[in-house]
Engineer: 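Starting off with a structure, shown below.
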Amino acid sequence: MNWKPKKQDLLGLLPEKLVMTRTRDAALRYLSFDDGPEPGHTPKLLDTLARHEVKASFFLVGEKIEQYPEIVQRIVADGHMIGNHSYSHWSFDNMNLTKQLDEVYRTDALLRLFDDRPHHRMRPPHGYVGAQLLAHFARRKRSLVYWSYDSLDYQDRPVEALIDRLRNDPPAPGDIVLMHDDSDKAADALDVLLPEWLSQGMRFAALPGSSR
Ligand SMILES: [Zn+2]
C-alpha cells in the first residue's frame, strides 16, 4: 500500500468497515478529491464530471467551506458525496485530542448545512490519525476513508505524465482513487481519461454517505 505512513499501522486495528480503503462493490471505482472547495478549480472539475456523467466524493476543508458555500451547494446538487477533511487542514500529528475533535466537529457542523447528515465520512489531513482519535471514532462507529490508489496528482509534473501513468495503470474495481481539487490537473486528466475508461466499461460512483 503506497499510502501508508509508518505511524498508521494503528489503522489495522480497526475493522475494515471503519477504515475504508477499498469498497466491496467490485463493479465500481470511486474518485475522491481532497482539499477543496476552490473557486479557481472546483467548478471546472464539476463541469468535467457532469460532462461525463460521473459521480465522485469531495473531502472538503472547513475554512474553505465557510468561504465558498456556493461551491459546496453545487457539489451536493450535482449528486456528489461531501466528506470531512478537517477545519484548518493542519496535520493532526502535533494536536491534542481536544483540538482534533474541534477540527472534526466544526467541519461536521458546516457540512450538515448542505446535506442534513449529522456526521460525515472523515479523511484526516495528510492521512495522519493518532490512537486517541482512532479510539474515539471506533467507539462511535464513525468511519475513516483512506484510499487504495494514489494518483500522485500533487506531484510537480505535467498533466501528460499524470495521464500516461493513469492510463497505463488504471484503477481496479473497488479502488478508492485519491486526487485533489486545488489544481486543474485532475480535471484536465479526467477529461481525457474518463471517455476512454467509460468506453472500456468502467463505472464510477460517489461513496455512500455516512449513516452516523
Ligand atoms: Zn489534504
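Basis for what follows: all heavy atoms, side chains included, without hydrogens, waters or symmetry-related copies. Both counts, for ligands and for their atoms, begin at 1 and track the order of listing.
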Engineer: Is it true that a side-chain atom of His85 and a backbone atom of Arg123 form a donor plus acceptor pair closer than 3.5 Å?
Structural biologist: yes

Engineer: Check for a donor-acceptor pair, side chain of Ser57 on one end and backbone N or O of Ser32 on the other, with a separation under 3.5 Å.
Structural biologist: no

Engineer: Are Met81 and Tyr146 linked, directly or through intermediate hydrophobic residues, by side-chain heavy-atom contacts shorter than 4.5 Å (ILVMFWY only)?
Structural biologist: yes

Engineer: Sequence neighbours excluded, which residues qualify as side chain to side chain contact (heavy atoms under 4.5 Å, CB included) partners of Gln73?
Structural biologist: Glu70, Phe114

Engineer: Just the protein N/O/S atoms under 2.8 Å from the Zn ion (ligand 1), please, no waters.
Structural biologist: Asp35 OD1, His85 NE2, His89 NE2

Engineer: Return yes if some donor-acceptor pair links the side-chain N/O of Asp181 with the main-chain N/O of Thr42 below 3.5 Å, else return no.
Structural biologist: no

Engineer: Report yes or no: does Arg121 contribute a side-chain atom to a donor-acceptor pair with the main-chain N or O of Pro208 at less than 3.5 Å?
Structural biologist: yes

